[in-house]
There are 2 protein chains.
Amino acid sequence: MANIKETSVIQENKSNAFAACPVTFVVERIGGYWKPIILFNLLAGTRRYHELRKAVPGITEKVLIQQLKQLEADQLVTRISKPVVPPYVTYELSPQGKALRPVLLAMAEWAVGHGGAQSEQFEKQLADFPGEE
Amino acid sequence: MANIKETSVIQENKSNAFAACPVTFVVERIGGYWKPIILFNLLAGTRRYHELRKAVPGITEKVLIQQLKQLEADQLVTRISKPVVPPYVTYELSPQGKALRPVLLAMAEWAVGHGGAQSEQFEKQLADFPGEE
DNA sequence: ACAAGTACTTACCCAATGGTATGTTCAACT
DNA sequence: AGTTGAACATACCATTGGGTAAGTACTTGT
């Protein structure tokens, strides 16, 4: 019987930081590579699962589902499933998720300002971005 | 000789997403757990290495250095080293880094609004947060 | 009868992130 | 001569995020 490892010091440390720093609180929820991107897409409105797949290029099904589940568990998105065949499932931002709009828009604007060669493209993307619903 | 793996498809996919989505552009630079937290601390002003260690609880030296190097490589922070002994090294936000202020503040404000039990604490933190320099 | 489409699930794998622990350099202090 | 302190570097390990590939359930279209 090898090392058993009691509850991991790391998690405790993270909880400490979590308690102290508001940014940490946010990172714990929308950190990682894909979550902000998914949220940004949902900001534009309710999307079916399949639509999200197309809207977020490069993401795989597994990861998309995985991230959606986590976002759902953190109550940032709401999953609505109609019991029909073929399945009809949509995802949309919860009120908490919608409250992230300023964060995501601030990100997008920074990208416009500091995206170098991409800036123009980003600007176009933002131009036809839907406002509040 | 086993599979050699040419340049990784993943990176290509990421570059695609990167090209299309402004939020992806940002995530590529300040994604991960620690970077936003470090940037948030630097937002309050120039800090010595040792000060950062204390300001960011739970981070280890290795990871702190690592993240600082990456931020420096991405030109979000500037490292200033005085050639004295003992070493005197400070880190501060570059202009690009300072431009992230709205992003980080938006995060902090979201935390205040949605931090549940922690909200009050976050609010205090933000109250004595320095403004623009 | 069979392919197609939708929204997943499962099993397996790799690479990056992050953590622990220790070493280094140089000078001032004791 | 040994310790201390700043700002790292390095070696090694564990965890996690993310990727690939395949399978599932159920119905509609051909």
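Heavy atoms only: backbone and side chains are in, while hydrogens, waters and symmetry mates are out. Below, read A as the first sequence line, B as the second, and so on, with proteins coming before strands; counting in each chain starts at 1.
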With a 4.0 Å cutoff (strictly under), does any side-chain N or O of [X] reach OP1 or OP2 of [N]?
| X | N | answer |
| --- | --- | --- |
| Y88(A) | dC26(D) | no |
| W34(B) | dA16(C) | no |
| R79(A) | dC8(C) | yes |
| Y91(B) | dC8(D) | yes |

Residue closer to the 5' end of DNA chain D, I59(A) versus I65(B) (nearest nucleotide) |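 Whichever sits nearer the 5' end wins; that is I65(B).
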
Can you check the [X] [atom1] to [N] [atom2] distance for me, whole Å?
| X | N | atom1 | atom2 | result |
| --- | --- | --- | --- | --- |
| H50(A) | dG5(C) | NE2 | C1' | 8 Å |
| Q70(B) | dA16(C) | CD | P | 11 Å |
| K69(B) | dG18(C) | NZ | C1' | 18 Å |
| L52(B) | dA7(D) | CG | P | 10 Å |
| Q66(A) | dC8(C) | CD | C1' | 13 Å |
| L64(B) | dA9(D) | CG | C1' | 14 Å |
| K35(A) | dG18(D) | NZ | P | 8 Å |
| K62(B) | dT10(D) | NZ | P | 12 Å |

Side chain of [X]: nearest nucleotide among [options]?
| X | options | value |
| --- | --- | --- |
| R48(A) | dT6(C), dA6(D), dA11(D) | dT6(C) |
| T60(B) | dA7(D), dG19(C), dA7(C) | dG19(C) |
| Y33(A) | dA7(D), dC8(C), dG18(D) | dG18(D) |
| P86(B) | dA7(C), dA6(D), dT20(C) | dA6(D) |

Intermediate values then yes/no, side-chain hydrogen bond (donor to acceptor under 3.5 Å, both in side chains), E61(A) and Y49(A) = CA-CA 10 Å; E61(A) 292 198 73; Y49(A) 170 77; 3.0 Å; yes

Measuring from F25(B):CZ to I30(B):CD1, what's the distance to the nearest 0.5 Å?
->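 Reported value, rounded in 0.5 Å steps: 11.0 Å.
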
Kindly say whether L68(A) contributes a backbone atom to a donor-acceptor pair with the side chain of W34(A) at under 3.5 angstrom?
->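 Answer holds: no.
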
Ignoring hydrogens and geometry, is there a side-chain-to-backbone donor-acceptor pair from S119(A) to V112(A) under 3.5 Å?
->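 The answer is yes, because a donor-acceptor pair under 3.5 Å joins these two groups.
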
Just call it for Q67(B): base, sugar-phosphate, or nothing, with non-hydrogen atoms closer than 4.0 Å on any strand.
->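 Answer is sugar-phosphate: Q67(B) comes under 4.0 Å of backbone atoms only.
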
Touch check for R53(B), heavy atoms < 4.0 angstrom, all strands: base, sugar-phosphate only, or nothing?
->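 Touches nothing.
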
Do F122(B) and E109(B) come within less than 4.5 Å of each other through their side chains, counting heavy atoms only?
->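 Not in contact.
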
